[in-house]
Amino acid sequence: MKASELFFPTLREVPSEAEVLSHQLLLRAGFIRKATAGVYSYLPLASRVLKKIMNIVREEMDRAGGQEVILPIVQPAELWKKSGRWEVYGDEMFRLKDRHNRDFALGPTHEEIITTLVDADVHSYRHLPLLLYQIQNKYRDEIRPRFGLMRGREFIMKDLYSFDIDEEGLDVSYHKMYEAYNRIFQRLKLQYRVVEADSGAIGGNESHEFMVLAENGEAEIVYCENCDYGANTEKAVCSLEEPKAAEEEQLEREKVHTPGQRTIQDLLDYMNIPKEKQIKTLIYYADEELVAALVRGDRELNEIKFKNVLGCNQLFMADEAAVKQLCGAGFGSLGPVGLPLKTYIDLEVSQMKNFACGANEDDYHFINVNLGRDFTPAGINDIRNAVTGDSCPVCSAPLYSMRGIEVGHIFKLGTKYSEVLEANYLDQKGREKPMVMGCYGIGISRTMAAAAEQGADENGIVWPLPIAPFEVIIVPVNSKNEEQMQAAWSLYEEFKQEGLETIIDDRDERAGVKFKDADLIGIPLRITIGPRSLQEKQVEIKKRTAKDVELVPLDAVSSRVKLMLKEMSK
RNA sequence: CGGGAUGUGGCUCAGCUUGGUAGAGCGCCUGGUUCGGGACCAGGAGGCCGCAGGUUCAAAUCCUGUCAUCCCGACCA
């Protein structure tokens, strides 16, 4: 491809609408342009990257026994009403009406349509298992689209749905997908972790997320370097460390005047009480009832875990006015002693002795509070967020935490959809049974953004070779120099013969512009043809990731490039 | 939906307080000089200042409404 003909409008400055790195870079490098909030056009470079990602995904889905289908994006409301999700999905579903005033949705996901499809034509155990997948646009009218392609309203997604005769069958399908996903992300050359995930509203009993590691990913995960345990912090189990060897003696409880001291940090500064010797008292509305949650001063309450413990539908923080009325003190002076609420404490708190907390009287705290003697909890549960240094629930080694971008998510659905949508089959004995389903998604467009995010440096994107829009870019330093251009064109022809995906920067631009653009769009290898080396019948080869260049004789370039590419794809 | 901010050539932004014929840099076009990390000189094209009302002799500027975009939060396969 000639750079002079390639449509890649690069920008020198960062468009003000872009906040996160991948968004900025994809805009600047001429990969995407916004049509409206959360909806983007993919320009030629992006199109090439997406195709490569899709092809890798496609190959692995096929290898795992999947069959590709193309499903409707415009879907009738009846299907969604039948599954109950017409209401459940709420405002997040793009809805439209046809000329007859009938309701439709733009598919946010395809469980309904595919289950109906399978139901219509699969009736026997003989035809199961069945693994069908699609790679298509999906639509979600996000409350707040953001981060460019990371959270769009229109996005490209691969979804595979598995249909099995029973749970054992589902286990097999799930495992196949688990393996396929690992192959995919390895082939994409992304740094990622598989983590246990909360299966959320979708239901099912097992679920894993595939997270591409990135500093400003939207999810926090913890993982173990000793074993392969990993989990979303929402889900990560905090096991209790061994009880302290020397039991501290219980001291007399004391009330201390602490004017204006409200936060954990305040108390540390004011009275030098370490955060680990304080407890945080948080008041929540669990549906209608006010309850208290206690965690150690330096910990964070995990609302999801807490909600699961309580088994309530809604959980949100109480407002200060209500708290003050009920407890007699504002947020900064709360504590469990004499608190007229059900009090749930974190496992860790149950181990603490002689700790400090609010006295339920403004500007007063207690010190040397002890569980049992001073208050009685309604429950002792794991209700805090896991953090770096916690011990792994599997092998007890220390856990590390990191941020990640969720690019894949696999679920066991069970019979949730097959039951309501009546996707049944007859087993060997002629009995009618619901199919057991799984669903397995990969955000294709999000994966592109995640790759850009993960690989970027100060000069631009650094694509992993397997998904780079082109493999090599040839840069003649001076397009008006015939000798250079001749060498460039002959290399270009040679590369083309060899099947290398090559750009030749034949634009009449200064060298600096060409180098900047080559770096920005992130081509893995750059061949520079300049007067210095050309005199010696040599050219320079530079990896996008390397600082230095390698001088290679003209007649050895193509074999050297092929070798380098081969090494890079290992 | 709550809180905050912003809408001025393709991109980044100034001008608005104090109303008086719309600016800069980058990009684009022409010519020239340059040519190894986003060159320089000269000339040029391009904007009903988001939109609609209002105030005024006069509105990018003041007022009202509206739309859009972005950030934070709630939410989230």
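Below, chain A is the first sequence line, B the second, and so on; all start at residue 1. Since the model is a prediction, treat every value here as computed from it, not as a measurement.
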Within-4.5 Å side-chain heavy-atom neighbours: A:Arg193 and A:Met402: no
A:Ile442 side chain reached by A:Phe185 side chain, heavy atoms, under 4.5 Å: yes
NA contact type, [X], heavy-atom cut-off 4.0 Å: base, sugar-phosphate, or nothing?
X        : result
A:Pro9   : nothing
A:Val475 : nothing
A:Phe155 : base
A:Thr36  : sugar-phosphate
A:Asp519 : base
A:Arg28  : base
A:Lys138 : nothing

Distances under 3.5 Å between nitrogen or oxygen atoms of protein and nucleotides 22-26 of chain B:
from: B:G25; atom 1: N2; to: A:Glu13; atom 2: OE2; distance (Å): 2.9
from: B:C26; atom 1: O2'; to: A:Arg12; atom 2: NE; distance (Å): 3.3

Identify the nucleotide, in any strand shown, that forms a Watson-Crick or G-U wobble pair with [N], with both distances under 3.5 Å; if there is none, say none.
N     : answer
B:A60 : none
B:U33 : B:A39
B:U18 : none
B:G25 : B:C11
B:A5  : B:U69

Test your reading of the model: is there a side-chain donor-acceptor pair from [X] to the backbone of [Y], 3.5 Å cut-off?
X        : Y        : answer
A:Asn481 : A:Val477 : no
A:Ser41  : A:Ile32  : no
A:Tyr192 : A:Gln186 : no

Qualifying salt bridge (charged side-chain N to carboxylate O under 4.0 Å, His left out) pairs, either residue in residues 14-39 of chain A, two or more places apart: A:Glu17-A:Lys34
Pairs touching residues 135-144 of chain A that satisfy salt bridge (charged side-chain N to carboxylate O under 4.0 Å, His left out), sequence neighbours left out: A:Lys138-A:Asp159, A:Asp141-A:Arg153, A:Glu142-A:Arg151
Please measure how far the [atom1] atom in [N] lies from the corresponding atom in [M], and state the result in whole Å.
N     : M     : atom1 : value
B:G2  : B:U8  : C1'   : 30 Å
B:C28 : B:G73 : P     : 39 Å
B:C76 : B:G4  : C1'   : 23 Å

Give the nucleotide from the list [options] with an atom nearest to the side chain of [X].
X        : options             : answer
A:Pro15  : B:C76, B:C11, B:C71 : B:C11
A:Arg146 : B:A39, B:C71, B:G36 : B:C71
A:Arg140 : B:C13, B:A77, B:A39 : B:A77
A:Met157 : B:A77, B:C72, B:U69 : B:A77
A:Glu17  : B:C70, B:G38, B:G36 : B:C70
A:Asp517 : B:G36, B:C71, B:G38 : B:G38

Contact under 4.0 Å: A:Ser16 side-chain N or O vs B:U12 OP1/OP2: yes
Residue whose nearest RNA chain B nucleotide is more 5′ - A:Pro108 or A:Thr10: A:Thr10
Upstream residue (5' side of RNA chain B) when A:Val14 and A:Gln484 are each assigned their closest nucleotide: A:Val14
Set of residues satisfying ring-ring contact (aromatic ring centres under 6.0 Å, His included) with respect to A:Phe163, sequence neighbours excluded: none
Those residues that, when tested against A:Phe155, pass ring-ring contact (aromatic ring centres under 6.0 Å, His included) (two or more places apart): none
B/S/- contact track for nucleotides 1-10 of chain B, protein heavy atom under 4.0 Å: B---------
Pairs satisfying side-chain hydrogen bond (donor to acceptor under 3.5 Å, both in side chains), at least one member in residues 529-540 of chain A, at least two apart: none
Residues A:Lys97 and A:Asp103 bridged, charged N to O under 4.0 Å: yes
Ion pair check, A:Arg384 and A:Glu300, cut-off under 4.0 Å: no
A:Phe306 and A:Tyr344 aromatic ring geometry - parallel, tilted or perpendicular at 30°/60° bounds: perpendicular
RNA chain B contacts among residues 533-550 of chain A, heavy-atom distance under 4.0 Å: A:Ser533, A:Glu540
Close approaches to RNA chain B from residues 440-456 of chain A, in residue order (heavy atom, under 4.0 Å): A:Arg446
In whole angstrom, give the distance that lies between atom [atom1] of [X] and atom [atom2] of [N].
X        : N     : atom1 : atom2 : value
A:Asp505 : B:G38 : CG    : P     : 15 Å
A:Tyr89  : B:C75 : OH    : P     : 17 Å
A:Ile32  : B:C11 : CD1   : P     : 14 Å

Pair listing, ring-ring contact (aromatic ring centres under 6.0 Å, His included) test, anchored in residues 4-41 of chain A, at least two apart: A:His23-A:Tyr40, A:Phe31-A:Trp463
All pairs passing ring-ring contact (aromatic ring centres under 6.0 Å, His included) where residues 71-94 of chain A contributes a residue, at least two apart: A:Trp80-A:Tyr89
All salt bridge (Lys or Arg N to Asp or Glu O under 4.0 Å) counterparts of A:Glu550, not counting sequence neighbours: A:Arg560
